[in-house]
Amino acid sequence: MIISIAWKNVWRKKSRSIVVIVAVLAGTLAAIFMGAIADGMVNGKIYSAINTESSNIKIVNKDFLVNDDINANLTINDSSIDFLNNAPEIENWCTHLKITGVAQSAHSYAGVNIIGIDVNKEKNVTNLYTYIIPGTGDYFEHKTKSIQVVISDAIAEQLNIKKYRITDEVLDKLTEYGIDIDAIKKIETIKGKRFLNKKKLSSACRQLFSQSDYNKYYDIVRVYSVYYQHNTRLNFSFSGADSQLRFLTARVCGIYKTTNLFFDRMNVFVKDDVLRQYADVKATNIHEILIRIKDKYDPNDLKNLSGIVKKLGTVFPKAKVMTIKEHSTDAYQMKKVAEPKMYILILIIYIALAFGIINTMSMAILEREKELQMLRAVGLSRVKLFIMILMETFFLTIIGTIIGIVGAIFSVMYYHTHGITLFDDVLEQYGFSGIIYPELTTQLIVITIIIVLATALISSIVPVKHAYDKEKTLI
Amino acid sequence: MKNIIEIKDLNKIYDESEIKVHAVNNVNLNIEKGEFTSIVGPSGSGKTTLLNLIGGLIRPTSGDIIIDGESIVGRKEKDLTKYRRDHIGFIFQSYNLLPVLTALENTEFIMSLQGYPAFKSRKRAEELLKEVGLEDRMNSRPAQLSGGQQQRVAVARALASKPKFILADEPTANLDSVSTNTLLDIMEKLNIEENITFIFSTHDARVMKKARRIIKLVDGAIEE
């Protein structure tokens, strides 16, 4: 009956209780959704680090890590190949020849890492080939006499291979998008004009539009008017193994865009045998080995990798064998920090809510002074009085929490499929994916519930004290 | 007749403020089983304090209160709570029913504290409400009842725990004359037919008229 009374007491002043419930609901939904966004961001970065950039394990010559010297390489021989092919933990592996150089187009130049890859082996370890922008070519798939290079969207932008042009097709798309007819007419005045980079397109748009229209239309004009100059020839210069300057000319066969702008800004890919020939590096010398671990060994748990890391250390004694903890330190640290940070944030939200709950409950108790005196007089024990007030606080808190959790689950489910585009330009600048796919963990929900229960318990202490203080003035 | 309540040299001094208040002054009193006793006196004479002391709600400064042969002075808070729950019925001036419960649930409430099985307490509550003439208002909440009806629910609630006696603090103070008469008739009937002991404080001449014993308090002391 005590619990039933507590439940009924919650609804005595409906509007007051609903305000608290809505506050708890909003706090819970926001806390869990933010947690899921943070998890989604960090997991996206980790996914990219493992699946696109460096795989589960990366082996690099220790000196190469310090100075990127072309001669600071690893020697791969029959016994090491034999080990990599037969170790039970290893799913696939590939090697990189990695040379720092300069890429030059007809208009501009950029410092890059030229990475020599064995295309088929690479595809078994990294998923870079899935990031080729449709319409920009492919991942070394078509045969051609010229040397092929895959570059990133970011480098294409830097080398002015990524250009902008207003065509009839672009105007049609903009009309379909729902842009105002007057704006379309203005854009039509620059039809056929080619803009070498987004800065030039931006300045043309500024001349066409007022500031508010520019803010409204520029981004969409930029996205629809972009095109890549196909088959562009690029010249690469770098130091060979003999420290002599070497030149390589290649045609862009595909342009990729991953979720990590830092990675994209640095790396271009050519076939291993070509780069090796131009740089004059022996077939047995490589700079990096990327290793993919079988899923059954649960490589996400780094403890499970310690055995294979140790064995690889003996096979490649001059090398540093790195897991994500070392080869993508930022992503790993973020993962480690993100969770406790999230729980602290949830705790802060609930501490703030606790003040509201304490205030509401204290008012409710003070209003029911005579009633509580009566209850104590007729024989309600202190323990039962505490339980009653605790349950009232608990109901006030848990109703909002349950609705908040359910709301958060549905929101996360929706956005996990559709993604959230929030400050994509800024996020990409910091190496995160522009589209965030929130992820909800059971742990996040369980810890939220524990914090809620603790909040309810703590919030009931002050009202209970008020109730105990009043009990002596009876009849 | 056996004394149900024996009060010996009872004193209660409130000394929380600078001025000490001698609320109950050397009271000696015996109340027998089945009495219908009224404690009367002007405001501030110590009526409520005396009832609070008998009900174990506050502790005396000195003296002894013996209920059914056992002293309640010096008992632990937990024991006193249990003692009140099981042996005393309370009727309050302003009814003090739980507004969220129906008349039936208010009557059942103490039995649920006593650990009665739900079906038994439901049956007894229904019988008691019938006895006080509220069989057709069992499912009404206090706000839907008149003052007199609420006080009758309070009587039923006080009887629910099968107490040794009932303490009523000015039970008719908020009632009109019709409700007062109805309530007094019910209390008198319960006293006569079921030998239930009633001790109530009052200012009301109509109540004093019904009482078979009147104890007059002046400045905390009994005036014979």
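Because the structure is a prediction, the values reported are computed rather than measured. In what follows, every heavy atom counts, from backbone to side chain, and hydrogens, waters and symmetry copies are set aside. We name chains A, B, ... by the order of the sequence lines, and we start the count at 1 in each one.
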Worksheet item: Going through the checks in order, is the side chain to side chain contact (heavy atoms under 4.5 Å, CB included) test met by A/Glu371 and B/Leu98?
Response: CA-CA 7 Å; A/Glu371 196 179 302; B/Leu98 288 172; 3.2 Å; yes
Discussion item. Around atom CG of B/Asp176, are there more than 12 heavy atoms from other residues, nucleotides or ligands closer than 6.0 Å?
Written reply: yes
Discussion item. Looking at chain A, which one of B/Lys82, B/Arg157, B/Lys78, B/Glu108 has the largest number of heavy-atom pairs inside 4.5 Å, strictly under?
Written reply: B/Arg157
Item to complete: Measure B/Leu113 against the heavy atoms of chain A and call it side chain, backbone, both or neither at under 4.5 Å.
Response: both
Worksheet item: Is the closest side-chain heavy-atom distance between A/Val378 and B/Arg84 below 4.5 Å?
Response: no
Discussion item. Surrounding CD1 of A/Ile3 (heavy atoms of other residues, nucleotides or ligands, distance under 6.0 Å), is the total greater than 12?
Written reply: no
Worksheet, complete the sentence: Output for pair (B/Ser94 OG, A/Met374 CE), nearest 0.5 Å, gives 10.0 Å
Discussion item. Counting only heavy atoms from other residues, nucleotides and ligands, does the tally under 6.0 Å from NZ of A/Lys370 exceed 12?
Written reply: no
Worksheet item: Side chains of A/Met1 and B/Met111: does their closest heavy-atom pair fall under 4.5 Å?
Response: no
Discussion item. Under 4.5 Å from any heavy atom of chain A, what part of B/Glu105 do you find: side chain, backbone, both or neither?
Written reply: both
Discussion item. Can you confirm whether A/Tyr415 is buried at OH, in the sense that more than 12 heavy atoms of other residues, nucleotides or ligands lie under 6.0 Å from that atom?
Written reply: no
Discussion item. Under 4.5 Å from any heavy atom of chain A, what part of B/Phe109 do you find: side chain, backbone, both or neither?
Written reply: both
Item to complete: Indicate yes or no: at least one non-hydrogen side-chain atom of B/Val100 is less than 4.5 angstrom from one of A/Trp11.
Response: no
Practice prompt. Answer with side chain, backbone, both or neither: which region of A/Leu380 has an atom nearer than 4.5 Å to a non-hydrogen atom of chain B?
Written response: both
Worksheet entry | Closest approach of A/Ala377 to B/Phe92 (non-hydrogen atoms, all atoms of both residues) | CB-CZ, 4.0 Å
Fill in: Contacting moiety of B/Pro163, where chain A heavy atoms sit under 4.5 Å
neither
Practice prompt. Working to the nearest 0.5 Å, report the span between CG of A/Leu375 and CG of B/Asn96.
Written response: 9.0 Å
